[in-house]
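When reading the values below, keep in mind they use all heavy atoms of this one structure, side chains included, and skip hydrogens, waters and symmetry mates. First the proteins, then the strands, lettered A, B, ... as listed; each starts at 1.
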Amino acid sequence: MTTAVYIEHRAGSIKRASLEAITAARGIADRVVGLCIGTADTQTLRTYGVHEIVAIEHAMLTRYSSQAVAEAIAQYVRSAAVGALFLGATAQGKELGPRVAVLLETAYLPDCVALSKEADKLVAVRPLFAGKIRATVEPLTERVVVSLRPNMFTARPAETPTEPTQTTFSPELSQEHCRVVVTDVVRNEGKLDVLEADIVVSGGRGLKGPEHFALIEQLAAVLGGAVGASRAVVDAGWRPHSEQVGQTGKTVSPNLYLACGISGAVQHLAGMSSSKVIAAINKDKDAPIFKVADYGIVGDVFEVIPKLIEQVKQLKQSTAS
Amino acid sequence: MNILVCVSYVPDTAAKIGATPDGSALQLQGVKYILNPYDEFAIEEALLQREKHGGRVVALTVGDAAATEILRTALAMGADAAAIVTDTTLDSYGVAVQIAEYARAMNADLVLLGRQSIDHDSFQMASTVGALLGMPSISVVSKLDIEGTRVRAERDVEGGKEILEAELPIVISVQKGINNPRYPKLPDIMKAKSKPIETLQAQSVPARSRHIRYEVPQQKRANIILGDSDADIAEFVRLLHEEAKVI
């Protein structure tokens, strides 16, 4: 079976979620096709063992339109013997996946965290009810569109790089397909995003005031992580909504989630329980966050964090030398 | 402006949800259901757009008859009418088909939804409904301006936000930050009780996917809880570095 992977890239540089999707596709398909709008980093696609790179080219794709891109992908999949389409469940992937599935009249399996084959059929595991349940879901159509939750599949280069064939696909698009376009992207420059960081250090009400978030920022900086926040501190206006983790905020699954002064209300747990490692600092030993934590410190954030920053700095120095 | 706002009736965030031992079904006994939290922002946005452009707001839900309760909330907040498509067997695609049919029949200019429902968390409804209607869609919108038929929206993406331009008719899913949902006042709640709620039969739509098993994830957390002494903090750092290998 051939699986196509939508390659999300910015000026050629490929998003990790797409590399994870390629790695997952290699595990279940004989042949992997990388679908790019324009040209992505060919060398990386080669390293990741893609068999064919298809550059989708059209004058109407110079400005990003989810409608037009979905239409172009669907036209390609229809034209080729592709059994499955994988996408990273990113902001972009979550808009494209369902749209392509409707155009192809196929099943869409959203935000999956594991894949396997049962009786030679692709099945996926996806969390329901904010991770309280894991459901195994099977497509009832021949083709399938699957989006994969970022950081749940490891991106691994292929054992032997491939020599991918490179082709161009020209979809038929009209103004009808471009009734929504992205006109601008405002980047939070110099700021790691909780959705993309390997480490997220979050602060909650235990910080007692917005001015004390400098502690969280320093700790995040020495760890090379992003700053997150609980709902309480976002609602209080201490931190921007873009940093909020949890229900009504973002769902993150970093390698390390470090919760500081966050009690761990169920709404917060909904947004971070799939993190690989959870650590917590809280002065209340009965705080619910400790029930889901791998490692915890019962202590005052104002005393513990400065010491922790020092120790991490020492560790970084000793491992660097 | 004809505005359709879609709402869903979901288990409360704090609800305990289990699975039968054989994994064939969910255990939802005693679970309290609520209006999906994101849908409050969708209802509010529908009302704000109506205040600006005039027109009519219809709230729609697809599901169990008990979901009528959340339509009363939408009516109390200010929706003009409400409808329920009764069905509990459809998959997400099937639900999208009912919404699209209703939107088509009422000639909707704007379809609003919450960015995700907190039961299936699949973030797919806006794009699916948009595709079914042949309309553009924008998901996870935190700012929406409509002038005539021109739409300008902002949405959060990884590392920043996108500014988008589009045309009506359109499907939009919204998130927290776009507005502050109003609380219905007692007279409005009373008035809502006499507003009509239309009940429709679902059209049958073959499912495209099926849940074959449910399980409660097993917590495999190390759960090592330390004190705040210097030695404990050193041990914490060592565990993260040597055992978990995450720093």
Colleague: I'd like to know which of A/P110, A/G224, A/A280 tops the heavy-atom pair count under 4.5 Å against chain B.
Modeller: A/P110
Colleague: Kindly say whether B/G160 contributes a backbone atom to a donor-acceptor pair with the side chain of A/K191 at under 3.5 angstrom?
Modeller: no
Colleague: Indicate yes or no: at least one non-hydrogen side-chain atom of A/V181 is less than 4.5 angstrom from one of B/L164.
Modeller: no
Colleague: For chain A, which of B/R155, B/R115, B/Q175, B/E154 has the most heavy-atom pairs under 4.5 Å?
Modeller: B/R155
Colleague: Where do A/D184 and B/R152 land on the salt bridge (Lys or Arg N to Asp or Glu O under 4.0 Å) test, with the steps shown first?
Modeller: CA-CA 11 Å; A/D184 200 6; B/R152 189 182 173 281; over 6 Å; no
Colleague: Identify the heavy atoms of B/E158 and A/R187 that sit nearest to each other, and give their distance.
Modeller: O-NH1, 3.7 Å
Colleague: Is it the side chain or the backbone of B/H211 that comes within 4.5 Å of chain A heavy atoms, both, or neither?
Modeller: both
Colleague: Measuring heavy-atom distances to chain B, does A/E105 have an atom under 4.5 Å in its side chain, in its backbone, in both, or in neither?
Modeller: both
Colleague: So which of B/R213, B/K245, B/E162 has the largest heavy-atom pair count under 4.5 angstrom toward chain A?
Modeller: B/R213
Colleague: Is there a side-chain contact between B/D232 and A/I297 (heavy atoms, below 4.5 Å)?
Modeller: no
Colleague: Picking from B/V216, B/I17, B/D156, which has the most non-hydrogen pairs under 4.5 angstrom with chain A?
Modeller: B/I17
Colleague: As an exercise: rank A/P127, A/G131, A/P98, A/S273 by heavy-atom pairs under 4.5 Å with chain B and give me the winner.
Modeller: A/P98
Colleague: So, does B/N223 use its side chain to make a donor-acceptor pair with the main chain of A/A293 at under 3.5 Å?
Modeller: yes
Colleague: Counting C-beta onward and ignoring hydrogens, is there a side-chain heavy-atom pair between B/Q124 and A/K94 closer than 4.5 Å?
Modeller: no
Colleague: Can you tell me which of B/T128, B/D119, B/V157, B/D121 forms the most heavy-atom pairs within a distance under 4.5 Å of chain A?
Modeller: B/D119
Colleague: Nearest 0.5 Å, what's the CG-CG distance between B/L132 and A/L103?
Modeller: 9.0 Å
Colleague: Heavy-atom distance under 4.5 Å to chain B: side chain of A/L223, backbone, both or neither?
Modeller: side chain
Colleague: What part of B/M135 lies closer than 4.5 angstrom to a heavy atom of chain A: side chain, backbone, both or neither?
Modeller: backbone
Colleague: For B/T13 and A/K132, work out which heavy atoms get closest and say how close.
Modeller: O-NZ, 2.5 Å
Colleague: Within a reach of under 6.0 Å around CG of B/D22, are more than 12 heavy atoms found that belong to other residues, nucleotides or ligands?
Modeller: yes
Colleague: For A/R10, does the CZ atom have more than 12 heavy-atom neighbours from other residues, nucleotides or ligands under 6.0 Å away?
Modeller: no
Colleague: Counting heavy-atom pairs under 4.5 Å to chain B, which of A/L258, A/L195, A/T248 comes out on top?
Modeller: A/T248
Colleague: Scan for salt bridge (charged side-chain N to carboxylate O under 4.0 Å, His left out) pairs involving residues 290-304 of chain A, sequence neighbours excluded, and state none if there are none.
Modeller: A/D294-B/R221
Colleague: Assess the residue pair A/V182 and B/I163 against the criterion (side-chain contact (heavy atoms from CB on, under 4.5 Å)); give the C-alpha distance rounded to whole Å, side-chain angles, the decisive distance to 0.1 Å, and a yes or no.
Modeller: CA-CA 6 Å; A/V182 174; B/I163 318 295; over 6 Å; no
Colleague: Only pairs of heavy atoms separated by less than 4.5 Å count here; which of A/L192, A/T141, A/T251 has the most with chain B?
Modeller: A/T141
Colleague: Hey, could you give me the CD/CD1 distance between A/Q267 and B/I118, rounded to the nearest 0.5 Å?
Modeller: 8.0 Å
Colleague: Given a strict heavy-atom distance threshold of 4.5 Å, which part of B/D12 is in contact with chain A: side chain, backbone, both, or neither?
Modeller: backbone
Colleague: So, the side chain of B/R208 versus the backbone of A/V102: is there a donor-acceptor pair under 3.5 Å, distance only?
Modeller: no
Colleague: Relative to chain B, which of A/V266, A/L269, A/V312 shows the most heavy atom pairs under 4.5 Å?
Modeller: A/V266
Colleague: When you check the side-chain N and O atoms of B/S137 and A/R99, is any donor under 3.5 Å from an acceptor?
Modeller: yes
Colleague: Salt bridge or not for B/E165 and A/R179, using N-O below 4.0 Å?
Modeller: no
Colleague: Identify which part of A/Q244 has an atom lying under 4.5 Å from any heavy atom of chain B, answering side chain, backbone, both or neither.
Modeller: side chain
Colleague: Does any non-hydrogen side-chain atom of B/I212 lie less than 4.5 Å from one of A/V123?
Modeller: yes
Colleague: Could you give the distance from OG (A/S66) to CD1 (B/I138), rounded to the nearest 0.5 Å?
Modeller: 7.5 Å
Colleague: B/A166, B/P136, B/A131: which one forms the most heavy-atom pairs within less than 4.5 Å of chain A?
Modeller: B/P136
Colleague: Which of the residues B/V140, B/V129, B/D91, B/L26 is involved in the greatest number of heavy-atom pairs with chain A at under 4.5 angstrom?
Modeller: B/L26
Colleague: Looking only at non-hydrogen atoms, find the nearest pair between B/V246 and A/I199 and report the distance.
Modeller: O-CD1, 3.5 Å
Colleague: Is the number of heavy atoms from other residues, nucleotides or ligands within 6.0 Å of NZ (A/K283) greater than 12?
Modeller: no
Colleague: So do the side chains of B/L226 and A/Y295 get within less than 4.5 Å of each other, counting heavy atoms only?
Modeller: no
Colleague: Which bit of A/R63 comes within less than 4.5 Å of chain B, counting heavy atoms only: side chain, backbone, both or neither?
Modeller: neither
Colleague: If I take atom OG from residue B/S209 and atom CG from residue A/L109, how far apart are they, to the nearest 0.5 angstrom?
Modeller: 6.0 Å
Colleague: Counting only non-hydrogen atoms closer than 4.5 Å, does A/A101 touch chain B with its backbone (N, CA, C, O), its side chain (CB onward), both, or neither?
Modeller: backbone
Colleague: Hey, does the side chain of B/D228 reach the backbone of A/G299 with a donor-acceptor pair shorter than 3.5 angstrom?
Modeller: no
Colleague: Nearest 0.5 Å, please: how far is CZ in B/R210 from CD in A/E138?
Modeller: 4.5 Å
Colleague: Report, as yes or no, whether the 6.0 Å neighbourhood of atom NZ on B/K220 holds more than 12 heavy atoms from other residues, nucleotides or ligands.
Modeller: no
Colleague: Given that the side chain runs from C-beta out, which part of A/S147 has a heavy atom under 4.5 Å from chain B: side chain, backbone, both or neither?
Modeller: neither
Colleague: So for B/I170, is it side chain, backbone, both, or neither that comes closer than 4.5 Å to the heavy atoms of chain A?
Modeller: neither
Colleague: Only pairs of heavy atoms separated by less than 4.5 Å count here; which of A/T106, A/N255, A/I133 has the most with chain B?
Modeller: A/I133
Colleague: Does any heavy atom of chain A fall under 4.5 Å from the side chain of B/F123, the backbone, both, or neither of them?
Modeller: both
Colleague: So which part of A/A270 gets closer than 4.5 Å to some heavy atom of chain B, the side chain, the backbone, both or neither?
Modeller: neither
Colleague: Measuring from atom OH of B/Y38 to atom CD of A/Q247, what distance do you get when rounded to the nearest 0.5 angstrom?
Modeller: 5.5 Å
Colleague: Are the side chains of B/I225 and A/K285 in touch, meaning some heavy atoms are under 4.5 Å apart?
Modeller: no
Colleague: Is chain A contacted by the side chain of B/Y214, its backbone, both, or neither, given a heavy-atom distance below 4.5 Å?
Modeller: both
Colleague: Would you check if B/K161 and A/V185 make a side-chain contact, meaning some heavy-atom pair closer than 4.5 Å?
Modeller: no
Colleague: Between B/S127 and A/E95, is there a side-chain donor-acceptor contact under 3.5 Å, judged purely by atom types and distance?
Modeller: no
Colleague: If we only count heavy atoms from C-beta on, is the A/F129 to B/P11 side-chain gap below 4.5 Å?
Modeller: yes
